[in-house]
S.K.: 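Here it is: the structure, laid out below.
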Amino acid sequence: MRLFDSLPVKNISRRPFRSSALILLSFLLCFLITGGSLIIFGLQSGLHSLQSRLGADLMVVPYEATTKADIGNIVLQGNTGYFYMDKKKLEEIRNLEGVGKISAQFFLASCSASCCSTKVQIIGIDPQTDFTIQPWIEKSYGKNPAYLEILVGNSLNAFAGDTMTFYGTKVKVVGKLAKTGTYLDTSVFCGPDTIRTLITAAKERKMFDFGNLDPNKIVSCIMVDTADGYSVDEVMNEINLHVRKVRAIRTAEMIANVSDQLEGTSSIATALTVAVWILSLIILSLAYTMMTRERRKEFALLRVMGASGKMLSGILLIESFLLSAVGSVMGAILAVGMSEGFSALIEESMKMPFLLPEGFRLIALVLGTTLLSIGAGALSSAFSAAKMSKIDAALTLRSE
């Protein structure tokens with residue numbers, strides 16, 4: 001029995017070219033399936049993360065901002081920009097019927113010139129009222145940054161204890177936030193007093209056209225959640241009708257295009273993955289069929305030596321399992337490594353948020369695709385194994 005137990009390994013090592021070719025097929029199959037699945041799940045996780053970070057039913061911005069700037073690019077993709085409106089709009093909207101939670105945010109685009117450490121989007125929030133970004137900050141950092149302290153997104157090359165400069169004003173990095181796969185990973189966050197100081201510094205240096213705006217009397221956008229019993233459309237129409245020079249936008253509409261694009265991309269990627277799996281199954285089946293025909297004499301001799309048909313079938317199945325396992329594991333490892341290494345490039349090229357699954361979800365996904373690839377190899381050899389188990393040793397040897 002030991003002889004036959006060691007035969008699969010010996011057969012694999014005795015024919016390195018044939019074994020390498022079969023390993024390569026399994027490697028490519030698992031790499032494509034795992035990589036495609038990671039991209040699909042990464043895009044879905046990124047969109048979900050973006051939805052949770054927006055977190056509000058409505059975003060209210062200056063009306064001029066909707067005509068002079070692409071709000072979607074600034075808010076969804078993190079393109080640096082700024083726009084402001086009178087702080088009084090906050091109270092006007094707060095007093096409208098149907099308005100529940102409400103909080104202001106401040107935007108400031110830094111420059112890559114000598115006045116600033118790097119070009120990023122600086123976002124100021126009011127930790128007392130914010131209900132979109134603040135929960136994420138509390139989970140990642142645990143407390144609110146003090147005056148002239150900032151928190152940096154996960155993708156920025158800055159860490160706690162570092163000092164950064166924006167418009168001649170030095171600020172201290174006190175924490176790095178958890179990865180979201182969205183524009184927030186390349187943004188900087190601070191409290192209202194800090195952002196007003198930075199806006200004042202930018203205005204004094206005449207870096208932007210602020211006009212006569214007073215940094216202490218402006219906000220960039222207002223996040224609104226509707227109260228219970230009111231629809232989003234009702235509150236949106238109420239704001240657009242009664243508050244001048246602003247526009248209320250449904251956050252769901254802002255990500256609608258991203259969601260539609262993701263749905264189309266996922267459908268295509270899923271179809272391609274299924275097609276690759278089926279094609280690989282056909283190619284592997286042909287490969288094992290050709291390999292089995294070449295080894296007819298070998299298996300006939302084993303039958304003469306006392307091996308049963310079931311044992312011959314087992315040898316072939318063990319060989320295919322070992323070869324598929326080696327190739328699949330290698331393919332899965334490379335797919336995970338490339339997905340991690342090129343996540344920023346994927347996000348930038350597809351213009352969509354991208355967040356790879358972590359922990360148990362990542363392990364379960366990779367394990368599932370690896371087992372699927374190994375199963376394809378075993379399934380491909382099953383027909384050849386069944387046929388080989390019925391081989392007529394005497395007839396085969398006479399024909400050889």
Side-chain angles (χ1 to χ4, degrees), residues 23-53 72-80 112 118-121 136 140 152-159 176-188 255 257-277 279-280 326-373:
I23 288 175
L24 179 61
L25 286 173
S26 296
F27 166 84
L28 292 174
L29 171 61
C30 192
F31 174 78
L32 292 173
I33 293 178
T34 304
S37 301
L38 285 173
I39 290 176
I40 293 173
F41 277 87
L43 292 172
Q44 291 174 341
S45 298
L47 181 61
H48 177 73
S49 178
L50 178 59
Q51 289 173 326
S52 63
R53 297 311 169 210
N73 285 340
I74 294 175
V75 176
L76 301 182
Q77 298 177 16
N79 294 353
T80 52
S112 56
T118 185
K119 187 176 182 179
V120 295
Q121 182 78 27
W136 170 52
S140 300
V152 296
N154 194 268
S155 297
L156 290 180
N157 188 24
F159 304 90
K176 199 177 185 76
L177 299 175
K179 187 174 179 62
T180 67
T182 70
Y183 70 98
L184 298 178
D185 292 335
T186 55
S187 300
V188 169
I255 62 174
N257 291 336
V258 178
S259 181
D260 292 341
Q261 186 179 355
L262 173 58
E263 184 177 349
T265 302
S266 298
S267 299
I268 294 173
T270 301
L272 289 174
T273 301
V274 173
V276 166
W277 192 85
L279 181 61
S280 299
V326 172
S328 298
V329 170
M330 292 170 59
I333 292 174
L334 182 62
V336 173
M338 291 189 67
S339 297
E340 289 279 1
F342 294 97
S343 58
L345 181 61
I346 294 172
E347 182 177 350
E348 181 179 353
S349 61
M350 303 194 72
K351 302 299 180 184
M352 288 191 287
F354 184 78
L355 180 63
L356 283 173
E358 297 179 348
F360 176 77
R361 290 186 63 194
L362 178 62
I363 294 174
L365 175 62
V366 174
L367 183 61
T369 55
T370 302
L371 291 177
L372 184 63
S373 178

S.K.: Is there a donor-acceptor pair under 3.5 Å between the side chain of Lys176 and the backbone N or O of Asn157?
M.R.: no
S.K.: So which heavy atom on Ala335 is nearest to which on Ser339, and how close?
M.R.: O-OG, 2.8 Å
S.K.: Which pairs of donor and acceptor atoms, one on a side chain in residues 23-31, lie under 3.5 Å apart (sequence neighbours left out)?
M.R.:
from	atom 1	to	atom 2	distance (Å)
Ser26	OG	Leu22	O	3.4

S.K.: Taking atom CG of Leu356 and atom CZ of Arg361, what is their separation to the nearest 0.5 Å?
M.R.: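 The CG atom of Leu356 sits 10.5 Å away from the CZ atom of Arg361.
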S.K.: Do Val152 and Leu177 come close enough that some side-chain heavy atom pair is under 4.5 Å?
M.R.: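 Counting from C-beta outward, Val152 and Leu177 never come under 4.5 Å.
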S.K.: Considering only residues two or more places apart or on different chains, which pairs with a residue in residues 28-43 satisfy side-chain hydrogen bond (donor to acceptor under 3.5 Å, both in side chains)?
M.R.: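 Applying side-chain hydrogen bond (donor to acceptor under 3.5 Å, both in side chains) to every pair that reaches into residues 28-43, excluding sequence neighbours, yields Thr34-Thr369.
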S.K.: For side-chain contact (heavy atoms from CB on, under 4.5 Å), just list the numbers for Val120 and Val188, CA-CA rounded to whole Å, side-chain angles, deciding distance to a tenth of an Å, and then say yes or no.
M.R.: CA-CA 7 Å; Val120 295; Val188 169; 3.7 Å; yes
S.K.: Got a second to check how far Leu365's CG is from Leu38's CG, nearest 0.5 Å?
M.R.: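 With rounding to 0.5 Å, CG (Leu365) is 5.0 Å from CG (Leu38).
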S.K.: So, does Asn154 use its side chain to make a donor-acceptor pair with the main chain of Asp185 at under 3.5 Å?
M.R.: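 No; judged by distance alone, with no hydrogens or angles, the pair does not exist.
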S.K.: To the nearest 0.5 Å, how far apart are OG1 in Thr370 and CD1 in Ile333?
M.R.: 8.5 Å
S.K.: Mind checking what makes side-chain contact (heavy atoms from CB on, under 4.5 Å) contact with Phe360, not counting sequence neighbours?
M.R.: Ala364
S.K.: Go through the structure and list residues passing side-chain contact (heavy atoms from CB on, under 4.5 Å) with Leu279, not counting sequence neighbours.
M.R.: Ile283
